[in-house]
Structures are given as structure tokens and as C-alpha cells.
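Here's the structure, in C-alpha cells; my notes come after.
Being a predicted model, the structure only gives us computed values, none of them experimental. Index from 1, following the sequence.
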Amino acid sequence: MKPGLLVIDDEAAICMSIKFALEDDYQVYTTIDPKEGIEWVKSKRIDIVLLDLRMGAVSGLDILKKVKEIRSELTAIMMTAFASIETSIEAIKQGAYYYIEKPIDMDKLSVLIMRALQYKQVSNRLESKDRQLEARAFLGTSKAMQQVFSMIDRIKDIDSSVLITGESGTGKELVAREIHFSGRRYQGPLEIINCAAIPDNLLESELFGYEKGAFTGATQSKDGKCVAANGGTLFLDEMSELPLSLQAKLLRVIQEREVTPLGSNKKKQLDIRIISAANKNIAQMVKNGEFREDLYFRLNVIPIHMPPLRQRKEDIPLLINHLIQKFNQSMNKQKEGLTPKAMEVLLHYPYAGNVRELGNIIEYAVALSMDRLIDVLDLPHFVQGHAEHPMNEDEMIQLPLGIPMKEIEKRVITATLKHYKDHRQKTAHSLQISERSLRDKLKNYKK
């Protein structure tokens, strides 16, 4: 598929001359309206933007900023008849790849675009390697995950559909990203659509696109996720939530490798790989008549099952270390790790939310811990009760029968305070009372 090239210039003649010169090698879109150009960046597959530095009262640098906010990975080249060192430096600072002076030398422009695309390919390759390392660090190194990675390595360069199953939070999207960015389609787009997050009446237009005037509010045409994924991968997350009426249309798209946008009679050819994910038993849904069997077979050519975290606990220490480093960086903290007791608690925790829940627990602990090492009391309350070890003698106090409740409270508080070396915050946290309440009680004990 040809790379997408968008030209935004208030001179129609320049737009047409560039389109005429480059349309054999690129899918060229042109507009003299910066607002329309911004909308096209949102709705069409654009790889390169040629942007005029001055368009009447509109600054090309302002448009560049908006374009980069929408698609940070997009490559922009500025065109200007008023080239200066200052404006060129400012354009590059704001994310432009380079600039070219007017009148446009088409040969120079062609070479510049080719170099920009080569630069983008190298950047994508490096980014894909970074993503690959990040994904594998988050997924773990257990035997179960090594089997998943082995499957990824075998299927990454083929176009067969993949269905990733597993409980919520096991890392299904990370596996989809790993397949895309480690395979031959890594230079193409990865388009993700969460079928459970979009209302049924909007899901069809999001998937297949629509023409201007197709329905109320369709003020301009928009490519759907299928077309946007051309040359790359379409990831259908929570695909079990697809309504039956839409399942039939998706099946036809997969079979024919073409899509017809809403309100249009024109078909668009597709070159996409489809990866799906579900946390429900689709086979059972097929038996219950809730999911089309023919679509299920189309999507489930290569199945990958993600094991829950509780079945691969050897991954937990590695994941914790990676998460601590991640949150240290984002919160500007310097946590060095966990105490042995805290690690023991986390190893025995059941993780109904899998890796996602572990991430939430570590984020909480990094944010609230006062010491370099995260202790049991730094973990959320609902986690602390999962330690499976006998209490040490220094963690126990003896109380005679018949002792008054006030005396019991006093002994428990003073013993806990001693255990935490007069650290009042940890003492209050352990006893599940406020620091103010602890302070008041200690004052009463001294009277």
C-alpha cells in the first residue's frame, strides 16, 4: 500500500503540482484549509505531512503543534518562501523533520520525503525493539510465558488470525502488540478497538468508517479502524462483546478483504492482519447462540492462551522489580525493593485482577511508603492478610485473663509502637486507627 501524503497549503496550485508529481508513489491528499487538514490527520492514514509555514493569518507552526498532538509519530516537512535560521530551528524544535524552500524543487522534495520515510522506518524499528523489551519484562519469564513467546516468534511474520484468551489483566493487549511490533508488519499501523467500550450503534461506524452525510452528525467522511489498519494490524479487544448483527458484517469483511463505509457504495481493499482478544469462553457462547460459529472459526485460526498470574508465581518478583522501577521514574521516588515479609505477602496473594492488579498494588505502595524498602504495612489493607507464616515471638504479647479492655488496648498499642521503633504512622496504619487517635491515646497513657 502506498504511503499517505497530506499537503496543507493555501495555494491550490502548489497542492495540485505536488499531487501531480507524487501521486504515482504516494496516496496524496491536498487541502487549502488547515482545519480540514487537521481533521484528515485524525481520520485518514497519513505518513507524511507537507505543511506551509504561512497560510494567511494562520501559522504553520501552530498547525504543526496540533498535528503532533494528534499523531506524535507523524513525520512533518515544512514548506516556506520565507526561510530563515530562526524559523527553521523553531520548526524542528516543534517536531518537523526538515524544511524545504519555495518554489518547490520536485526532485529535491521527492528525495527529502524518501529520506523522511527511511528515518521513520529506522525509528519504528528501534521503537519496536523498546516495546518488545518492555512487553517481555511485563509479561514475565516463567515456563508458561516462554511457551507464549515461542508461539509469538513462530507466528509474527504470517497473516493468520490470532485469538488471545485469558482472564482480565493477564496482558492480552501486550501480546497483541508484541506480535505486531516483532513481525514484518511492524512498520504499518496497529489499530486497537475495544468492542466493549463503544456503544453498539457507534461500533459499526468506528470499524468500517462512513461517508459524509451517512447519518446525522456525519459532517465529513471518516475511515474506520479497518482502513486505518491497512498495511498493519487490527486488534479487536473484548471481541466477545460484538453484537450479532455486526458479527455478520465483520465476517464478510474478513472473507472478502474489503470494506464498504456506511453511506457508500464504493468498496475499499484491505491488507490487514486481525488479532482478537477475549476473557470469555467463546466456544460456550457459540453453543449458546451468542456468537457466530463461522466468525469464531475465522478469528480463532491460531489460539494463544494467557495463564493467570496465580499459576506462574515465579514471575511475580521480576514483575515487582520492573514495576517499582517504572513508578520510581514516574513519581520521582527511590524505592529499592520489598522487605522479605512484603514479598511473602505478595507471593501468596491470589491476584483476581492478574498483572493489572499487581501493578495497582505496587503503584499504591511506591506512592505511600516512607522508607527505601516497601514493607507489609505499605501494601493496601486488602493485601496484608495474605501472609502465610507463623508470627515471631517479638510480634506477640501475652495478656492475662480478666484484664480490662482499656489495659489490653494500652498494651497492644505500646507493644506495636515499640515493634515499629516509635514510627507512629506505621503503628497507626497497622492498628487501623488514625494518627491523631494514636497521639491522643498516647497522651492519655502518660497522665
Side-chain angles (χ1 to χ4, degrees), residues 1-8 19 23 26-31 33-49 66-67 69-74 159 161 176 180 185 187-239 241-277 292 295 298-299:
M1 186 178 180
K2 296 178 182 178
L5 175 66
L6 172 62
V7 183
I8 307 177
K19 182 178 176 64
E23 62 184 355
Y26 303 93
Q27 177 65 51
V28 182
Y29 306 94
T30 66
T31 180
D33 182 1
K35 291 183 179 179
E36 184 178 41
I38 290 171
E39 292 302 317
W40 281 2
V41 169
K42 295 178 182 177
S43 62
K44 298 184 181 298
R45 182 187 170 183
I46 306 295
D47 298 291
I48 300 281
V49 173
K66 292 179 180 179
V67 163
E69 287 174 353
I70 298 168
R71 296 264 304 280
S72 60
E73 78 283 3
L74 196 146
D159 288 339
S161 297
H180 174 78
R185 287 180 174 267
Q187 295 183 24
L190 171 63
E191 292 293 331
I192 300 173
I193 184 165
N194 188 320
C195 302
I198 301 173
D200 291 356
N201 60 329
L202 298 179
L203 193 53
E204 182 175 1
S205 61
E206 282 293 313
L207 268 174
F208 307 138
Y210 54 84
E211 290 297 310
K212 181 179 179 180
F215 51 83
T216 303
T219 56
Q220 64 177 19
S221 300
K222 181 179 179 180
D223 288 335
K225 292 289 187 179
C226 289
V227 173
N230 249 332
T233 303
L234 175 65
F235 177 49
L236 302 172
D237 197 10
E238 303 296 350
M239 67 88 170
E241 302 302 319
L242 281 169
L244 281 168
S245 59
L246 199 54
Q247 290 177 27
K249 296 180 180 180
L250 179 60
L251 176 65
R252 187 165 60 251
V253 167
I254 295 173
Q255 290 173 333
E256 299 175 1
R257 292 290 166 179
E258 58 186 20
V259 63
T260 305
L262 293 174
S264 173
N265 295 320
K266 186 178 179 181
K267 296 181 178 180
K268 296 185 178 182
Q269 297 299 311
L270 295 178
D271 172 25
I272 60 175
R273 180 184 197 170
I274 296 180
I275 301 176
S276 307
R292 290 182 65 106
L295 178 60
R298 284 282 184 176
L299 296 176

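- Residues that satisfy the salt bridge (Lys or Arg N to Asp or Glu O under 4.0 Å) test with E241, not counting sequence neighbours, are K280.
- Within the model, atoms OG1 of T31 and CD of E36 stand 3.5 Å from one another, a figure rounded to the nearest 0.5 Å.
- D271 has its side chain within reach of R185: a pair of non-hydrogen atoms, C-beta onward, lies under 4.5 Å apart.
- The side-chain heavy atoms of L236 and I275, taken from C-beta on, include no pair separated by under 4.5 Å.
- For residues 209-231, the set of pairs meeting the ring-ring contact (aromatic ring centres under 6.0 Å, His included) definition, not counting sequence neighbours, comprises Y210-F215.
- For K66, there are no salt bridge (Lys or Arg N to Asp or Glu O under 4.0 Å) partners two or more places apart in sequence or in a different chain.
- Taking the side chain to side chain donor-acceptor pair (under 3.5 Å) definition, one finds that D33 meets it with nothing, sequence neighbours left out.
- Atoms CG and OG, from L262 and S221 in turn, are 11.0 Å apart once rounded to the nearest 0.5 Å.
- Rounding to the nearest 0.5 Å gives a distance of 7.0 Å between CG of L295 and CE of M239.
- Applying the salt bridge (Lys or Arg N to Asp or Glu O under 4.0 Å) criterion to K44, with sequence neighbours excluded, gives no partner residue.
- S276 meets the side chain to side chain donor-acceptor pair (under 3.5 Å) test with no other residue; sequence neighbours excluded.
- Judged as a salt bridge (Lys or Arg N to Asp or Glu O under 4.0 Å), and not counting sequence neighbours, K212 has no contacts.
- L5 CG to D47 CG: the interatomic distance, rounded to the nearest 0.5 Å, is 9.0 Å.
- Residues passing the side chain to side chain contact (heavy atoms under 4.5 Å, CB included) test with D237 are E173, N194, F235, A277, sequence neighbours excluded.
- Applying the side chain to side chain contact (heavy atoms under 4.5 Å, CB included) test to E256 and every residue at least two apart in sequence or in another chain returns R252, E258, K267.
- Contacts of R298 classified as side chain to side chain contact (heavy atoms under 4.5 Å, CB included), with partners at least two apart in sequence or in another chain: L251, I254, Q255.
- Annotation: the span from R273 atom CZ to L234 atom CG amounts to 12.0 Å, rounded to 0.5 Å.
- One finds the CZ atom of R45 at 7.0 Å from the CG atom of N230 (value rounded to the nearest 0.5 Å).
- Evaluation of the side chain to side chain contact (heavy atoms under 4.5 Å, CB included) rule for K19 yields E23, V28, T30 as partners, not counting sequence neighbours.
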Which atom pairs, donor and acceptor, lie under 3.5 Å between side-chain atoms of residues 195-209 and protein residues at least two apart or in another chain?
| residue | atom | partner | partner atom | Å |
| --- | --- | --- | --- | --- |
| E204 | OE1 | K249 | NZ | 3.2 |
| E204 | OE2 | K249 | NZ | 2.7 |
| S205 | OG | L202 | O | 2.9 |

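- Here the side chains of I46 and V67 are not in contact, with every heavy-atom distance at 4.5 Å or above.
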